[in-house]
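The structure appears right after this line, and notes come after that.
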Amino acid sequence: MIEVNNLTRKYGEKVAVNRISFSVEKGKIWGFLGPNGAGKTTTMRILTGYLPPTEGSAKVAGFDITKEPLKAKKHIGYLPEIPPLYNEMTVKGYVNFVAELKGVPSKERKKAVSQAIEKAGLSNVAGRLIKNLSKGYRQRVGIAQAIVNNPDILILDEPTIGLDPAQIIEIRELIKSLKGEHTVILSTHILPEVTQTCDGVVIINEGQLRASGTLEEIQERFSEESGIYLETEPSLAVEELMNIEGIKEAVSSGEGVKIFWEEEEKGNKNLNEFIRTKGLNINEWKRLTSTLEDIYLKIVASDKGGVK
Amino acid sequence: MRGMWAITKKEIKTYLTSPIAYVLIAVFLLISGYFFYNMIWWFNSQSIAMSRNPYYMKQLNINRFVYEPLFHNISVILLLIFPLLTMRLFAEEKRTGTEELLYTSSITNGEIVYGKFFGATFVLFIMLLLTGVYAVFGYLYSKPETIPLLLGYLGLFLMGIAFIGIGIFFSSITESQVVAASLSFGMLLLLWVLSWSGQAAGPSLKPILNYLSFFEHFKDMPRGVLNLTDLVYYLSVTYFFLFLTQSYMESRRWR
């Protein structure tokens with residue numbers, strides 16, 4: 001549904017986005033992750049046709065965004081970082097204006113507008129002037145305008161920013177409910193948002209693509225070098241474990257021990273032998289996996305050349 | 001076309017729901033009404049004074065002594081007012097970020113520019129329509145000639161759309177409404193006074209400066225003469241600046 005190829009955008013000498021490539025399947029929610037100033041907004045602006053790329057190409061719904069912008073834009077709903085609202089309009093008037101702008105046929109417009117307003121939870125403020133709305137409601141008006149033409153692709157730039165926790169949950173539920181019918185790309189720097197709503201993730205930093213894939217793929221690829229969590233009866237002594245060849249480090253953790261390999265195969269063999277000779281009962285044995293947060297911090301920190 | 005119409009409607013609604021248009025229309029009517037009153041009053045006293053002499057009486061022509069100068073005055077008021085009316089058209093969208101909505105909708109830059117142009121033209125139309133009271137007054141109490149009146153209005157309308165074209169261009173190149181208004185005001189003044197320096201300039205430069213001047217092309221219309229060059233001048237100035245606006249929008253590609 002979305003194919004990005006070697007996308008580059010320069011502002012004068014500054015390279016904001018540097019040779020990014022990724023693709024998103026139809027009907028999925030994809031998270032766009034990166035610290036502030038990483039190039040998330042620039043990439044989204046290119047995808048929506050607001051900014052042209054300096055190099056590279058982006059295909060949206062089968063149309064190249066620079067070669068056939070009008071056709072591509074028809075399939076896109078976009079919520080920019082700052083919702084593009086006209087303060088002097090009413091909610092309904094505004095959503096209707098956007099529907100007209102996006103070419104919703106006049107026969108279906110009334111229905112499309114009321115559906116978008118309902119989906120975004122704005123029914124009780126539909127007649128009010130946008131300038132009198134609170135920030136949470138303004139954000140929702142932004143979402144309502146993005147979905148009013150029932151686009152195949154929704155691009156949401158930090159959709160939950162500035163909302164209170166209850167609103168964040170509501171907006172997340174709203175986004176999840178759009179899945180399947182719409183392909184969604186949302187940018188954020190809130191990690192739980194990605195794990196809770198997204199199927200896949202693109203991590204960028206300093207304009208460069210750091211990782212992309214489904215959450216499982218990413219987790220597999222970037223998990224801690226290797227290690228296990230082990231709980232036995234009677235419990236293990238950390239000092240003894242450290243003496244086993246192939247084990248780099250052992251740390252007690254709760255009821256059990258976290259063991260990190262120096263050489264996984266060798267360590268595993270020696271550890272098994274150790275357990276057998278001691279006659280220990282194994283209560284729990286599992287691989288250590290990293291959370292997305294660990295992975296993200298690792299990627300971003302390594303870019304700074306800092307702590308690993 | 002659909003996108004243009006949507007934008008035109010939105011601009012008209014914005015003008016009608018914000019105080020700017022009302023204030024400007026009110027100021028416009030107040031000043032032009034003041035001029036009209038003075039001219040009528042002067043014409044009236046002249047008529048009384050000359051009523052004893054049939055020869056002089058024949059020379060008195062309400063078109064020439066009231067409407068022609070009135071149209072000239074109105075054109076100057078429009079020049080002062082229009083930069084204020086057009087300054088927000090693009091500058092405000094840039095400042096508030098709503099241009100992102102326009103540029104990411106499936107409409108062309110041309111539709112955006114002309115949508116806004118027709119929105120502002122609507123206000124011009126309303127302004128001129130309201131001054132129709134002065135013409136009605138003339139028909140009630142005198143016998144003005146219709147063709148010069150109509151051509152005078154046509155001239156004002158053409159000049160007005162050229163003002164709008166220039167205003168839109170300067171609004172599109174800045175985020176600040178004050179800067180937009182200042183630049184378009186400066187440009188309009190320049191095009192106004194060009195013919196003055198035409199008097200001083202040499203014989204080769206004079207026709208060029210005269211040709212470029214706004215008011216040189218307006219002179220003949222309230223007298224009942226429509227020159228094709230005048231018509232072409234106003235339409236091409238308008239088109240030129242709207243075209244510049246579009247080109248400037250396209251040039252975002254390389255910035």
Side-chain angles (χ1 to χ4, degrees), chain A residues 9-12 41 44-54 60-61 63 65-66 68-90 93-94 96-106 109 129-131 141-142 145-146 148-149 151 155 157, chain B residues 1-23 85 87-116 118-119 123 172 175 177 246-255:
Chain A
R9 169 75 204 188
K10 294 177 187 164
Y11 294 109
T41 297
M44 292 188 143
R45 283 181 163 174
I46 295 172
L47 287 179
T48 53
Y50 178 63
L51 276 181
T54 314
V60 178
F63 300 104
I65 189 72
T66 43
E68 296 176 287
L70 295 185
K71 282 182 184 161
K73 284 173 186 173
K74 265 207 172 111
H75 298 272
I76 302 174
Y78 175 40
L79 170 67
E81 205 170 357
I82 303 156
L85 307 177
Y86 295 102
N87 283 328
E88 68 283 351
M89 288 178 137
T90 63
Y94 170 72
N96 186 60
F97 165 64
V98 178
E100 224 176 316
L101 209 58
K102 294 195 170 173
V104 178
S106 51
R109 204 176 298 142
L129 286 180
I130 291 175
K131 69 175 165 200
V141 179
Q145 66 82 21
V148 70
N149 58 334
I155 297 181
D157 199 350
Chain B
M1 282 303 277
R2 134 195 78 75
M4 188 189 83
W5 177 229
I7 290 178
T8 301
K9 275 197 296 186
K10 183 226 136 208
E11 290 303 335
I12 292 174
K13 264 187 214 157
T14 310
Y15 277 127
L16 294 183
T17 48
S18 77
I20 308 168
Y22 292 107
V23 171
L85 200 77
M87 64 180 185
R88 49 159 280 278
L89 286 172
F90 277 95
E92 200 181 17
E93 305 250 10
K94 274 173 190 270
R95 195 182 51 81
T96 58
T98 46
E99 63 163 9
E100 216 162 334
L101 171 69
L102 299 184
Y103 292 148
T104 56
S105 297
S106 52
I107 52 172
T108 61
N109 289 347
E111 283 180 292
I112 300 174
V113 173
Y114 281 92
K116 287 178 177 289
F118 287 122
V123 179
S172 78
E175 268 184 30
Q177 298 191 31
Q246 274 186 69
S247 310
Y248 186 79
M249 286 161 79
E250 310 279 352
S251 77
R252 287 181 317 134
R253 192 169 293 267
W254 296 281
R255 269 179 281 136

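What you are looking at is a predicted structure, and each value in this text was computed from that prediction instead of being measured. Residue numbers begin at 1 in each chain, while the letters A, B, ... track the order of the sequences. Heavy atoms only: backbone and side chains are in, while hydrogens, waters and symmetry mates are out.
Every side chain to side chain contact (heavy atoms under 4.5 Å, CB included) that B/T98 has, sequence neighbours left out, goes to A/P84, A/Y86, B/E93, B/T96. For A/E81, the salt bridge (Lys or Arg N to Asp or Glu O under 4.0 Å) criterion is met by no residue, not counting sequence neighbours.
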Inset, instruction - Check the pair B/K10 / A/E100 against salt bridge (charged side-chain N to carboxylate O under 4.0 Å, His left out), numbers first and verdict last. - result: CA-CA 10 Å; B/K10 183 226 136 208; A/E100 224 176 316; over 6 Å; no
Inset, instruction - Apply side-chain contact (heavy atoms from CB on, under 4.5 Å) to the pair A/L101 and B/I107, showing each step before the final yes or no. - result: CA-CA 7 Å; A/L101 209 58; B/I107 52 172; 3.7 Å; yes
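The candidate from A/G93, A/A72, A/A146, A/P80 with the greatest count of non-hydrogen atom pairs under 4.5 Å with chain B is A/P80. Across B/K13, B/E99, B/E92, the residue that shares the most heavy-atom pairs under 4.5 angstrom with chain A is B/E99. Of the listed residues (B/S106, B/S18, B/G115), the greatest number of heavy-atom pairs within a distance under 4.5 Å of chain A belongs to B/S106.
B/E100 contributes atom CD, which lies 8.0 Å from atom CG of A/L51 (distance to the nearest 0.5 angstrom). Taken from CD1 in B/I7 to CZ in A/F97, the straight-line distance is 5.5 Å, to the nearest 0.5 Å.
Using a 4.5 Å cut-off between heavy atoms, B/K9 contacts chain A through its side chain alone, with no backbone atom that close. Proximity to chain B involves both the backbone and the side chain of A/Y50, based on heavy atoms less than 4.5 angstrom apart. Proximity to chain A is limited to the side chain of B/T17, based on heavy atoms less than 4.5 angstrom apart.
Across B/R2 and A/G103, no two heavy atoms sit closer than the pair NH1-N, 3.1 Å.
Within a 6.0 Å sphere centred on CD1 of A/I82, heavy atoms belonging to other residues, nucleotides or ligands number 12 at most.
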